[in-house]
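Here's the structure we're looking at; comments come further down.
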There are 2 protein chains.
Amino acid sequence: MIGMTQQVRRAPLTRDRVLRAAVTLADATGIDALSMRKLAQTLGVVPMALYKHVANKEELLDGMLDVLVGEIDPPAAAGDWRTAVRQRILSARQVLLHHPWASRVIESRTVPTPVVLAYMDSMIGMFRTGGLSVDLTHHVMHAMGSRILGFSQELFGAPPSAPPPDAEIARQMAGRYPYITEITTRVAHDEASVVGSGCDDQFEFEFSLDLLLDGIEGLRLRGWTPR
Amino acid sequence: MIGMTQQVRRAPLTRDRVLRAAVTLADATGIDALSMRKLAQTLGVVPMALYKHVANKEELLDGMLDVLVGEIDPPAAAGDWRTAVRQRILSARQVLLHHPWASRVIESRTVPTPVVLAYMDSMIGMFRTGGLSVDLTHHVMHAMGSRILGFSQELFGAPPSAPPPDAEIARQMAGRYPYITEITTRVAHDEASVVGSGCDDQFEFEFSLDLLLDGIEGLRLRGWTPR
DNA sequence: ACCTGAACACCGTTCAAGT
DNA sequence: ACCTGAACACCGTTCAAGT
């Protein structure tokens with residue numbers, strides 16, 4: 001027993017354990033509350049011990065995204081490109097919905113990791129084997145942008161989640177923002193019994209995705225070429 | 001002269017002066033280097049003096065975005081909806097290009113300010129007066145998402161800006177990411193004399209924007225209705 | 001050689017003391 | 001009543017001292 005410390009009991013710290021703990025902590029407390037110090041604490045370790053497995057916090061964030069990309073379903077083996085791409089992006093979206101902090105972290109990355117590059121490569125492959133030219137695939141990848149990772153690219157997370165305004169404030173809103181009011185009252189009426197919050201996020205995501213995929217398929221059918 | 005301090009010389013601190021100084025500082029040093037303390041320093045003021053004009057840093061960031069939205073051109077008076085929307089979004093994009101930190105700040109906002117609401121309202125108005133139904137306009141606003149503010153929604157800022165890899169690394173890349181390589185070599189060949197860095201960002205942005213606008217105009221012409 | 005406590009150079013914001 | 005210095009509770013990371 002002599003010389004045996006509490007540490008011996010713990011599973012040895014690995015890069016993978018660090019990254020997974022960071023994902024769990026961000027899920028639980030949000031990305032703003034994720035610090036190297038708090039992460040070390042949840043692992044029962046001194047802060048500096050983390051720096052053996054990640055060079056710095058940037059590399060930690062990169063690694064956390066790699067974990068999430070690993071959760072996205074692999075591409076379906078058979079079927080047309082449109083269905084396969086659609087399926088995979090909807091899978092990516094599910095991952096992002098389970099980790100709401102991910103979109104802001106992705107936004108802050110400057111260089112893709114090998115894991116993200118591999119994901120992008122396989123996504124490009126789905127367009128290419130589907131019959132899109134190299135040039136068209138190139139522009140399509142730009143057009144899809146972060147949607148390829150399941151981003152909804154909404155302007156605000158959930159603006160209509162605010163408590164229902166009283167009549168006086170509603171009247172002011174209608175005067176100042178007539179067009180917004182026109183839409184929100186329509187939505188409130190349509191879905192009063194369905195959803196309390198407002199829009200159907202899944203419908204909106206699929207509407208946007210299909211708008212792009214339909215446009216792309218149209219270009220492919222018309223044999224789009226540069227210039 | 002007695003009792004006259006250095007402060008008397010300075011223009012009095014206003015909310016507007018605080019916000020504009022913050023924008024200038026973020027432009028010059030990046031958003032990560034923007035702190036309440038450094039901002040106060042550039043204004044020749046003690047940090048706590050800022051809190052008379054903004055409640056906290058969140059409100060400062062909101063206000064900075066309001067300044068940028070104010071730089072976007074107002075909608076063109078005449079013309080079809082497609083041209084007017086296109087023009088205005090390209091104007092918003094120019095603003096974002098001049099303030100590269102803006103996209104990450106927008107991403108971090110949770111509630112739109114009155115200034116942003118007014119911008120969204122006028123954008124919705126452009127679709128409505130162009131002949132889109134309330135329902136279609138609603139979904140279209142979701143589909144446009146942050147692109148309405150000039151976002152490119154690219155996955156990474158400038159991935160091909162890396163120094164040209166040597167032959168050995170290039171061979172490894174080609175083996176690991178064959179589809180990415182297929183595109184990047186094509187781009188490098190096409191634009192070798194035009195652009196050193198890689199893609200033509202303006203072209204890619206307009207390609208994506210037109211893909212969406214064409215799709216939307218198609219739905220309008222076909223008289224799209226829900227369900 | 002490895003590990004780690006203390007220290008450094010920062011943060012945003014509170015609050016009590018000064019005018 | 002207004003203003004502000006010091007303090008509080010944090011950061012990410014460096015580095016020298018300990019084993």
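The chains referred to below are lettered A, B, ... by the order of the sequence lines, with proteins before strands, and numbering in each begins at 1.
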CG of A:L34 versus P of D:dC10: gap in Å, rounded? 15 Å
So, for A:L60 and A:A22, which heavy atoms are closest and what is the spacing to 0.1 Å? CD1-CB, 4.0 Å
Kindly indicate whether the side chain of A:R147, heavy atoms from C-beta on, has any atom under 4.5 Å from the side chain of A:S208. yes
Is a side-chain donor or acceptor of B:S91 paired with a backbone partner of B:Q87 at a separation under 3.5 angstrom? no
From CG of A:L25 across to C1' of D:dC11 the rounded distance in Å is 15 Å
Rounded interatomic separation in angstrom, taking CD from A:E59 and C1' from D:dG12: 14 Å
Centre of B:F156's six-membered ring, under 6.0 Å away, within 45 degrees of the axis: is that where NZ or CZ of A:R109 sits? no
Where are the stems of DNA chain C, defined as at least 3 consecutive Watson-Crick or wobble G-U pairs with both distances under 3.5 Å? C:4-8 with D:12-16, C:12-16 with D:4-8
Smallest separation among heavy atoms of A:Y177 and B:D121, with atom names: C-OD1, 3.0 Å
Within the 6.0 Å centroid threshold, strictly below: B:H139 and A:F203: yes
For C:dT4 and A:K52 - does any side-chain N or O of the residue sit under 4.0 Å from the phosphate oxygens OP1/OP2? no
D:dG12 C1' sits how many Å from A:D32 CG, rounded? 15 Å
May I have the distance from A:L50 (atom CG) to D:dC11 (atom C1'), rounded to whole angstrom? 14 Å
Figure out the NZ/P separation between B:K38 and C:dC10, and round it to whole Å. 7 Å
Check step by step if side chain to side chain contact (heavy atoms under 4.5 Å, CB included) holds for B:R93 and B:F151. CA-CA 6 Å; B:R93 170 176 146 82; B:F151 260 65; over 6 Å; no
Output one line per pair: protein atom, nucleotide atom from nucleotides 13-19 of chain C, and distance, for all N/O pairs under 3.5 Å.
| residue | atom | partner | partner atom | Å |
| --- | --- | --- | --- | --- |
| C:dT13 | OP2 | B:Y51 | OH | 2.8 |
| C:dT13 | OP2 | B:K57 | N | 3.0 |

Between B:T29 and B:A26 (side chain of the first, backbone of the second, donor and acceptor by atom type, cut-off under 3.5 Å), is there such a pair? no
